[in-house]
Engineer: 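What follows is a structure written as structure tokens; I'll ask about it next.
Nothing here was measured: the structure is a model prediction, and the numbers come from that model. Atom set for the values below is all heavy atoms of this structure, side chains included, hydrogens, waters and symmetry mates excluded.
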Amino acid sequence: MKKIIIILTTMVFFLGCKDKGVTYNDPIPEHDSLIITSKYVNEDRVINVWTPPSYKTSSEHFPVLYMPDGGIKEDFPHIANTLSKLLEENKIPAFILVGIENTERGRDLTGSSEAEDDKQYCPITDGAKDFRAFIAEELMPEINKKYRTQPKKGIIGESLAGLFVMETFFTAPETFDFYIAMDPSLWWNNNYLASSADTLLTKLPEKDLKLWFAGSSVEDISQYTKLVDKALQKNAPANLTWKYSDEPNEQHNTIFRATKEKALIWTLNN
């Protein structure tokens, strides 16, 4: 039985590097699609942008939510439709959603790793720094130029995208104002981020930040999200507002849809 569990877990991680592994038929909302040529990731990237209804009927400027796994066949329709629903219910303020379509998911969303086992899951890695530079130095200026944006911005992701969210929070926290991560793959690189959380928290800038993250029933993930939770309980700076959502009844492939609304409501409201 133990071998079966290990094999299944490995399959989940491998799929996480290649693609999401699950396909949903979410209605595709009205949106814009852009192509940005990047010197940092050395390729053209497809960007999908959803604007709230009031964007067309006002001259307002809006905060921005960025999202890896943001292709039309990925999570962009899912999150855009969720934002629209919550907005109609007056549960969140209006945001612009910017989805980044994947090309080489495992490369873009992982940093370097000294763990030999990680190479089995993601053969091409250590692109997170370049992907982050693409977002901050190329994508954000383009979005700010083309759309009426506010300085406030955040990022949302699950699994490997959640790892990217957490790595950005810990190592380049000035990139965003708020961070949302579901079942982040904190096992990466011998669980470096989780085991170093106490030290990394002391290096956060004196800037108001928000962090919402969740862990499912998958032990190889939840043990590390809980470790980060403990570090935050002890060492979170006063300028950080944070919340950990322990979700033992959710699986790795259900936690995003199960928690997205409460994550967005808690994080997007001031």
Engineer: How about Lys210 and Leu240: do any of their side-chain heavy atoms sit closer than 4.5 Å?
Structural biologist: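 Not in contact.
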Engineer: Would you say that Phe176 contacts Ile135 through its side chain, given a criterion of any heavy-atom pair below 4.5 Å between the two side chains?
Structural biologist: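 Touching, per the 4.5 Å side-chain cut-off.
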Engineer: Check whether more than 12 heavy atoms from other residues, nucleotides or ligands sit under 6.0 Å from atom CD of Glu219, and answer yes or no.
Structural biologist: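 Check fails, neighbour count at 12 or below.
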Engineer: Just verifying a value: how many Å separate Ile47 CD1 and Ile36 CD1, rounded to the nearest 0.5 Å?
Structural biologist: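 One gets 5.0 Å once the value is rounded to the nearest 0.5 Å.
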Engineer: Under the 3.5 angstrom rule, does the side chain of Asn239 hit a backbone N or O of Glu206 as a donor-acceptor pair?
Structural biologist: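 No.
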Engineer: Salt bridge or not for Lys230 and Asp198, using N-O below 4.0 Å?
Structural biologist: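 Salt bridge absent between Lys230 and Asp198.
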Engineer: So if I apply the side chain to side chain donor-acceptor pair (under 3.5 Å) rule between Thr254 and each of Glu250, Gln251, His252, which one comes out positive?
Structural biologist: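 Answer after filtering Glu250, Gln251, His252: Glu250.
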Engineer: Could you pull out the closest heavy-atom pair between Phe169 and Pro173, with the gap in Å?
Structural biologist: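 For Phe169 and Pro173, the tightest heavy-atom pair comes out as O-CB, 3.1 Å.
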Engineer: Is it true that Phe164 and Trp242 fall in one hydrophobic cluster, defined by side-chain heavy atoms closer than 4.5 Å?
Structural biologist: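 Yes, same cluster.
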Engineer: Taking everything shown except Glu89 itself, do over 12 heavy atoms lie less than 6.0 Å from its CD?
Structural biologist: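 Yes, CD of Glu89 has more than 12 neighbouring heavy atoms, counting only those of other groups under 6.0 Å.
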Engineer: Hey, could you give me the OH/CG distance between Tyr66 and Leu139, rounded to the nearest 0.5 Å?
Structural biologist: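 CG of Leu139 is found 5.0 Å from OH of Tyr66.
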Engineer: Between Ile255 and Gly215, what is the shortest heavy-atom contact and its length?
Structural biologist: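 Closest heavy-atom pair between Ile255 and Gly215: CD1-C, 3.6 Å.
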Engineer: Report the distance from atom OG1 of Thr110 to atom NZ of Lys129, rounding to the nearest 0.5 Å.
Structural biologist: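 So the OG1 of Thr110 and the NZ of Lys129 are separated by 9.5 Å.
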Engineer: Please report the closest heavy-atom contact between Ala128 and Leu109, naming both atoms and the distance.
Structural biologist: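 Ala128 and Leu109 have their closest heavy atoms at CB-C, 4.3 Å.
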Engineer: For the residue pair Thr259 and Glu247, confirm or rule out a side-chain donor-acceptor distance under 3.5 Å.
Structural biologist: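 Thr259 vs Glu247: no donor-acceptor pair found between side chains.
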Engineer: Test the Arg107-Phe131 pair against the cation-pi criterion, namely NZ or CZ under 6.0 angstrom from the six-membered ring centroid and within 45° of the ring axis.
Structural biologist: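 Judged by the rule, Arg107 and Phe131 form no cation-pi pair.
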Engineer: Which heavy-atom pair separates Thr175 from Ala136 by the least distance, and what is that distance?
Structural biologist: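 Closest approach of Thr175 to Ala136, heavy atoms only: CG2-CB, 4.4 Å.
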Engineer: Once rounded to the nearest 0.5 Å, what's the spacing between atom CG of Asp75 and atom CG of Asp69?
Structural biologist: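 Going from CG on Asp75 over to CG on Asp69, the span is 5.5 Å.
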Engineer: Just so I know, are the side chains of Met182 and Ile156 near enough to count as touching, which here means a heavy-atom distance under 4.5 Å?
Structural biologist: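 Result yes, sub-4.5 Å side-chain heavy-atom pair found.
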Engineer: If every non-hydrogen atom of Ser217 is compared with every non-hydrogen atom of Pro248, which pair is closest and at what distance?
Structural biologist: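 Looks like CB-O, 3.2 Å.
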Engineer: Tell me whether Asn144 contacts the main-chain N or O of Met140 through its side chain, where contact means a donor paired with an acceptor under 3.5 Å.
Structural biologist: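 Yes: the side chain of Asn144 pairs with the backbone of Met140.
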Engineer: Evaluate side chain to side chain contact (heavy atoms under 4.5 Å, CB included) for Trp212 paired with Leu264, printing each intermediate quantity in order.
Structural biologist: CA-CA 9 Å; Trp212 189 101; Leu264 291 167; over 6 Å; no
Engineer: Are any of the side-chain nitrogens in Lys145 or Glu142 under 4.0 Å away from the carboxylate oxygens of its partner?
Structural biologist: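 A salt bridge is present here (some side-chain N lies under 4.0 Å from a carboxylate O).
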Engineer: Please lay out, stage by stage, how Asp246 and Tyr244 fare under the test side chain to side chain contact (heavy atoms under 4.5 Å, CB included).
Structural biologist: CA-CA 6 Å; Asp246 187 18; Tyr244 174 57; 3.7 Å; yes
Engineer: Using a strict cut-off of less than 4.0 Å between a Lys/Arg side-chain nitrogen and an Asp/Glu carboxylate oxygen, indicate whether Arg45 and Asp108 qualify as a salt bridge.
Structural biologist: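 Here Arg45 pairs with Asp108 in a salt bridge, since their nearest N and O are under 4.0 Å apart.
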Engineer: Using atom types as modelled and distance alone, determine if a side-chain donor or acceptor of Asp183 lies under 3.5 Å from a backbone N or O of Ser216.
Structural biologist: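 Looks like yes, one N/O pair under 3.5 Å.
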Engineer: Compare all side-chain heavy atoms of Phe213 with those of Leu211 and state whether any distance is below 4.5 angstrom.
Structural biologist: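 Phe213 vs Leu211: side chains touch.
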Engineer: Is it true that a side-chain atom of Asp177 and a backbone atom of Lys153 form a donor plus acceptor pair closer than 3.5 Å?
Structural biologist: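 A pair under 3.5 Å: yes.
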Engineer: Under 3.5 Å, side chain of Asn48 to main-chain N/O of Glu101, donor-acceptor pair present?
Structural biologist: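 Here the side-chain-to-backbone pair does not exist.
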Engineer: Would a 4.5 Å heavy-atom cut-off, applied to side chains only, mark Asn270 and Lys152 as touching?
Structural biologist: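 Result yes, sub-4.5 Å side-chain heavy-atom pair found.
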Engineer: Can you tell me if Ser196 uses its side chain to pair, donor with acceptor, with the backbone of Leu193 under 3.5 Å?
Structural biologist: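 Not at all, since once roles are kept as given, no pair shorter than 3.5 Å links the two residues.
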Engineer: Side-chain contact, heavy-atom cut-off 4.5 Å: Ser245 with Lys262?
Structural biologist: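 They are in side-chain contact.
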Engineer: Does any donor atom in the side chain of Asn189 or Glu114 lie under 3.5 Å from an acceptor atom in the other side chain?
Structural biologist: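 Side-chain D/A pair, Asn189 to Glu114: absent.
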Engineer: Can you pull out every ring-ring contact (aromatic ring centres under 6.0 Å, His included) where at least one residue sits in residues 72-119? Sequence neighbours excluded, please.
Structural biologist: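 Pairs touching residues 72-119 that pass the test: His31-Phe76, His78-Phe256, Phe95-Phe178.
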Engineer: Would you confirm whether Asp126, through its side chain, and Ser112, through its main-chain N or O, come within 3.5 Å as a donor-acceptor pair?
Structural biologist: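 Checked: pair present.
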Engineer: Looking at Asp130 and Lys39, is there a salt bridge between them, counting it only when a charged N and a carboxylate O are closer than 4.0 Å?
Structural biologist: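 Salt bridge flag = no for Asp130 with Lys39.
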Engineer: Report the distance from atom CD1 of Ile79 to atom CG of Asp26, rounding to the nearest 0.5 Å.
Structural biologist: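 If we round to the nearest 0.5 Å, Ile79:CD1 and Asp26:CG are 9.0 Å apart.
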Engineer: Do Ile96 and Leu65 pass the side chain to side chain contact (heavy atoms under 4.5 Å, CB included) test, and can you show the C-alpha distance, the side-chain angles, and the key distance before you say yes or no?
Structural biologist: CA-CA 6 Å; Ile96 294 171; Leu65 177 62; over 6 Å; no
Engineer: Could you go through Val165 and Ile180, starting from their C-alpha distance and side-chain angles, then the distance that decides it, and tell me whether this counts as side chain to side chain contact (heavy atoms under 4.5 Å, CB included)?
Structural biologist: CA-CA 7 Å; Val165 169; Ile180 303 173; 5.8 Å; no
Engineer: A side-chain contact here means heavy atoms from C-beta on lying under 4.5 Å apart; do Asn81 and Pro27 qualify?
Structural biologist: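 Touching, per the 4.5 Å side-chain cut-off.
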Engineer: Is it the case that the side chain of Tyr224 and the backbone of Pro184 share a donor-acceptor pair, with hydrogens and angles ignored and the cut-off at 3.5 Å?
Structural biologist: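 No, the answer is negative, given that no donor and acceptor are paired below the 3.5 Å cut-off.
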Engineer: Examine distances only and state if a side-chain atom of Ser38 and a backbone atom of Tyr40 form a donor-acceptor pair shorter than 3.5 Å.
Structural biologist: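 Answer holds: yes.
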Engineer: Would the number of heavy atoms belonging to other residues, nucleotides or ligands and lying under 6.0 Å from CG of Asn190 be above 12?
Structural biologist: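 Correct, the count exceeds 12.
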Engineer: Is Glu30 salt-bridged to Lys56, cutoff N-O under 4.0 Å?
Structural biologist: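 Salt bridge: yes.
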Engineer: Any side-chain heavy atom of Thr149 sitting closer than 4.5 Å to one from Pro63?
Structural biologist: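 No. Closest side-chain heavy atoms not under 4.5 Å.
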Engineer: Salt-bridge test for Arg132 and Glu167: reply yes if a basic N is under 4.0 Å from a carboxylate O, no otherwise.
Structural biologist: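 A salt bridge links Arg132 with Glu167.
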Engineer: What are the two closest heavy atoms between Glu74 and Gly71, and how far apart are they?
Structural biologist: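 Nearest pair, atom of Glu74 first, then Gly71: OE1-N, 2.6 Å.
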Engineer: Please determine whether residues Val46 and Ile72 belong to a single hydrophobic cluster, defined as Ile, Leu, Val, Met, Phe, Trp and Tyr linked transitively by side-chain heavy-atom distances below 4.5 Å.
Structural biologist: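 No, Val46 and Ile72 fall in different hydrophobic clusters.
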Engineer: Rounded to the nearest 0.5 Å, what separates atom CD1 in Ile143 from atom CG in Leu34?
Structural biologist: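 It is 5.5 Å, given to the nearest 0.5 Å.
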